[in-house]
Amino acid sequence: MTKDPTAEPANGDKQPAGQPGRQLDPRSPFITGMKAAAGVAVTFGVVQLIITARQVLILIGLAFFLAMGLEPTVSWLVRHKLPRWTAVLWAPSPDSSRRLSRP
């Protein structure tokens, strides 16, 4: 490669890429379109994440539902001097509802 003798010298370290242009208006159609495209991309990513994690979210919801349903029984057993870990293990058993319903 040879240098062009008629080329102007670069501006040096001050602005190696040349003069900067004017700033973009935040309300310009380009910026508005980029923001909209970014919003669509984020929404698509969140939907894909939910679809991918669907099975885990179902299990978490089921566990929450069971925990809320068994909490009154576990609290009753703890109030009646049963350790909480034993109450948690015993509450979901089919036999627990029969034993608790006796007078």
Side-chain angles (χ1 to χ4, degrees):
M1 269 187 123
T2 60
K3 279 187 172 183
D4 183 9
T6 60
E8 293 183 25
N11 249 352
D13 290 338
K14 290 183 181 177
Q15 296 173 342
Q19 291 282 23
R22 64 183 179 92
Q23 290 185 344
L24 289 173
D25 180 15
R27 296 179 298 158
S28 73
F30 176 75
I31 297 296
T32 304
M34 289 300 290
K35 288 178 183 177
V40 168
V42 168
T43 303
F44 180 76
V46 168
V47 168
Q48 289 299 315
L49 182 68
I50 290 172
I51 289 171
T52 303
R54 179 176 40 200
Q55 292 177 348
V56 173
L57 293 175
I58 289 171
L59 290 175
I60 290 171
L62 179 63
F64 179 74
F65 180 75
L66 288 174
M68 294 302 291
L70 292 174
E71 176 56 27
T73 305
V74 171
S75 294
W76 186 86
L77 290 170
V78 169
R79 274 196 317 270
H80 286 81
K81 308 293 185 219
L82 199 62
R84 188 164 185 87
W85 69 269
T86 309
V88 168
L89 291 177
W90 188 54
S93 70
D95 193 41
S96 66
S97 61
R98 204 171 3 171
R99 288 183 190 172
L100 292 176
S101 64
R102 290 182 185 166

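Start at 1 with the first residue, then count along the sequence. Any value given below was found using the heavy atoms of this structure, including those in side chains, with hydrogens, waters and symmetry copies removed.
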Enumerate, atom names and distances included, each donor-acceptor pair closer than 3.5 Å involving a side-chain atom of residues 77-89, sequence neighbours excluded.
from, atom 1, to, atom 2, distance (Å)
His80, ND1, Trp76, O, 2.8
Arg84, NH2, Glu71, OE1, 3.1

List the atom pairs, with distances to 0.1 Å, where a side-chain N or O of residues 32-43 and a protein N or O form a donor-acceptor pair under 3.5 Å, not counting sequence neighbours.
from, atom 1, to, atom 2, distance (Å)
Thr32, OG1, Ser28, O, 3.0
Thr43, OG1, Gly39, O, 2.8

Can you give each donor-acceptor pair under 3.5 Å made by side-chain atoms of residues 52-61, sequence neighbours left out, with the distance rounded to 0.1 Å?
from, atom 1, to, atom 2, distance (Å)
Thr52, OG1, Gln48, O, 2.8

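Cluster note: Met68 groups with Phe64 through ILVMFWY side-chain heavy atoms spaced under 4.5 Å, whether in direct contact or through intervening members. Through ILVMFWY side-chain contacts below 4.5 Å, Phe65 is grouped with nothing and stands alone.
Residues Pro26 and Ile31 come closest through the heavy atom pair O-CG2, 3.5 Å. When all heavy atoms of Ala91 and Val74 are compared, the closest pair comes out as CB-CG2, 3.7 Å.
Among residue pairs with one or both ends in residues 36-45, none qualify as salt bridge (Lys or Arg N to Asp or Glu O under 4.0 Å); sequence neighbours excluded.
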